Enquirer: 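Following this message is one structure expressed as structure tokens.
The chains referred to below are lettered A, B, ... by the order of the sequence lines, with proteins before strands, and numbering in each begins at 1. Remember, predicted model here, so these are calculated numbers, not experimental data.
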Protein chains: 2
Amino acid sequence: MALPQKNKIETLRVIAHPVRFRILDELAKGVKCVSDFEDFLGISQPNVSQHLALLRNHGIIDYYMDGRLRCYFLVDPIVPDILDVLKKEYTGTLPAPACCPVTKKGKYPGDRTN
Amino acid sequence: MALPQKNKIETLRVIAHPVRFRILDELAKGVKCVSDFEDFLGISQPNVSQHLALLRNHGIIDYYMDGRLRCYFLVDPIVPDILDVLKKEYTGTLPAPACCPVTKKGKYPGDRTN
DNA sequence: ACACAACATTCAAATATCCTTATATATTTT
DNA sequence: AAAATATATAAGGATATTTGAATGTTGTGT
């Protein structure tokens, strides 16, 4: 695939928030309702609902009604993959570009493709 | 691993911007300097530099000097993994939670762990 | 029908992000 | 040394995000 749609970058942005990330991490383990998050996250109920609404409006999560509870669950399949990457342990950095030692001075070496 | 550090979520947030994402996608192909991006992205030089500075300050990229060019390259190994996930094609959604059909009404079924 | 419980929505204020314009710095060229 | 090139930084306003406070909605039990 070429560049991902603006859509997906938007999704990434929505995921990249401390509270929402924890919400998604919890939902990856199973269904939760709003009051569960209220306890778990230690933030106000309206704030929980606001974050859930944002996630919902981006098609990242959905819910079903169970009595007066709203049971939220994951919908967007990108979420588990992002969670995996964020939890992966990385050691060290990517290798520096081979063609151009970090200390080198001088003319730019050509077509800049590597 | 448990929850990823605030650090990584910060990194994700920085990546999750249309311009910066394109910058990283280009850097994944090879070294580029500021004026390359200016042409490629079609935005002003200061704006390019600002995005590069942000990525730099988060340890996501670095550069070496080559004459008066600054040759940028990737440093954070999370970047290729995020690029992969964002470019992955997803079909459909995650399966709805098995224990709780979407249409179900009634008492909440227990401990909410799945 | 009434009261309560679970949750959503609205509004406003604080803060953060983003981009533009202007200016500064460093390196090379002349 | 002066001019030009490549890039960085600073300052500012516009816009977006985030959160708290107040209020609205819907379903349940009595």
Enquirer: Return the nearest nucleotide to the side chain of A:Arg68; candidates are D:dT7, C:dA6, C:dA8.
Expert: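 Looking only at heavy atoms from C-beta outward on A:Arg68, the closest nucleotide is C:dA6.
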Enquirer: What distance separates A:Lys8 NZ from A:Ile82 CD1, expressed to the nearest 0.5 Å?
Expert: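 Nearest 0.5 Å value for the NZ-CD1 distance: 9.5 Å.
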Enquirer: Could you check which of D:dT28, C:dC19, D:dA8 has an atom nearest any side-chain atom of B:Asn47?
Expert: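 Nearest to the side-chain atoms of B:Asn47, counting from C-beta on, is C:dC19.
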Enquirer: Are A:Ser35 and C:dC7 close enough that a side-chain N or O sits under 4.0 Å from OP1 or OP2?
Expert: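 For C:dC7, OP1 or OP2 has a side-chain N or O of A:Ser35 closer than 4.0 Å.
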Enquirer: Looking at the side chain of A:Arg70, which of D:dT18, D:dA8, C:dA8 is the nearest nucleotide?
Expert: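 For A:Arg70, the side-chain atoms sit closest to C:dA8.
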Enquirer: Which residue lies toward the 5' end of DNA chain D, A:Pro46 or A:Val19, if each is placed at its nearest nucleotide?
Expert: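 It is A:Val19, whose closest nucleotide lies nearer the 5' terminus.
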Enquirer: For the side chain of B:Arg20, starting at C-beta, report the closest nucleotide among C:dC18, D:dT7, D:dA4.
Expert: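 In terms of side-chain proximity for B:Arg20, the closest of C:dC18, D:dT7, D:dA4 is C:dC18.
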Enquirer: Could you state the atom-to-atom distance from CD1 of A:Ile43 to P of C:dA8 in whole Å?
Expert: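 One finds 12 Å between P of C:dA8 and CD1 of A:Ile43, rounded.
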Enquirer: As an exercise, state the distance from CG of B:Leu52 to CG of B:Asn47, rounded to the nearest 0.5 Å.
Expert: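 Between atom CG of B:Leu52 and atom CG of B:Asn47 there are 10.0 Å.
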Enquirer: What is the distance from CG of A:Leu41 to P of C:dC7, rounded to the nearest Å?
Expert: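 A:Leu41 atom CG is separated from C:dC7 atom P by 13 Å.
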Enquirer: Enumerate the residue pairs fulfilling side chain to side chain donor-acceptor pair (under 3.5 Å) with a member in residues 76-86 of chain B, sequence neighbours excluded, ordered by first and then second residue.
Expert: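 Sorted result for residues 76-86 of chain B: A:Lys88-B:Asp81, A:Tyr90-B:Asp81.
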Enquirer: Taking atom CG of A:Leu94 and atom CG of B:Leu27, what is their separation to the nearest 0.5 Å?
Expert: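 With rounding to 0.5 Å, CG (A:Leu94) is 11.0 Å from CG (B:Leu27).
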Enquirer: With a cut-off of under 6.0 Å to the ring centre and 45° to the axis, is A:Arg70 in cation-pi contact with A:Tyr64?
Expert: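 No cation-pi geometry.
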Enquirer: Any base atoms under 4.0 Å from B:Tyr72, or only sugar-phosphate, or nothing? Heavy atoms, all strands.
Expert: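 Counting heavy atoms under 4.0 Å across all strands, the contact made by B:Tyr72 is with sugar-phosphate only.
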Enquirer: In residues 50-57 of chain A, which residues come under 4.0 Å of DNA chain C by heavy atom?
Expert: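 Going residue by residue through residues 50-57 of chain A, the ones with a heavy atom under 4.0 Å of DNA chain C turn out to be A:Gln50, A:Arg56.
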Enquirer: Suppose we call a contact any N or O donor and acceptor under 3.5 Å apart; does that hold for the side chain of A:Gln45 and the base of C:dA8?
Expert: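 Donor-acceptor pair under 3.5 Å: yes.
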Enquirer: Using 0.5 Å steps for rounding, measure from the CG atom of A:Leu41 to the CZ atom of A:Arg22.
Expert: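 Result: 5.5 Å between the selected atoms.
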Enquirer: Quick one: which of D:dG27, D:dT18, D:dT9 gets closest to the side chain of A:Met65?
Expert: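 Selected nucleotide: D:dG27.
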Enquirer: Ignoring backbone atoms, test whether A:His17 places a side-chain nitrogen or oxygen under 4.0 Å from the OP1 or OP2 oxygen of D:dT17.
Expert: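 No, outside the criterion.
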Enquirer: May I have the distance from B:Glu38 (atom CD) to C:dT20 (atom P), rounded to whole angstrom?
Expert: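 In whole Å, C:dT20 P lies 12 Å from B:Glu38 CD.
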Enquirer: Can you figure out which of D:dA4, D:dT9, C:dC7 approaches the side chain of A:Leu69 most closely?
Expert: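 Between D:dA4, D:dT9, C:dC7, the one nearest the side chain of A:Leu69 would be C:dC7.
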Enquirer: Please tell me which of the listed nucleotides, D:dT17, D:dT19, D:dG20, lies nearest to the side chain of A:Ser44?
Expert: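 Nearest to the side-chain atoms of A:Ser44, counting from C-beta on, is D:dG20.
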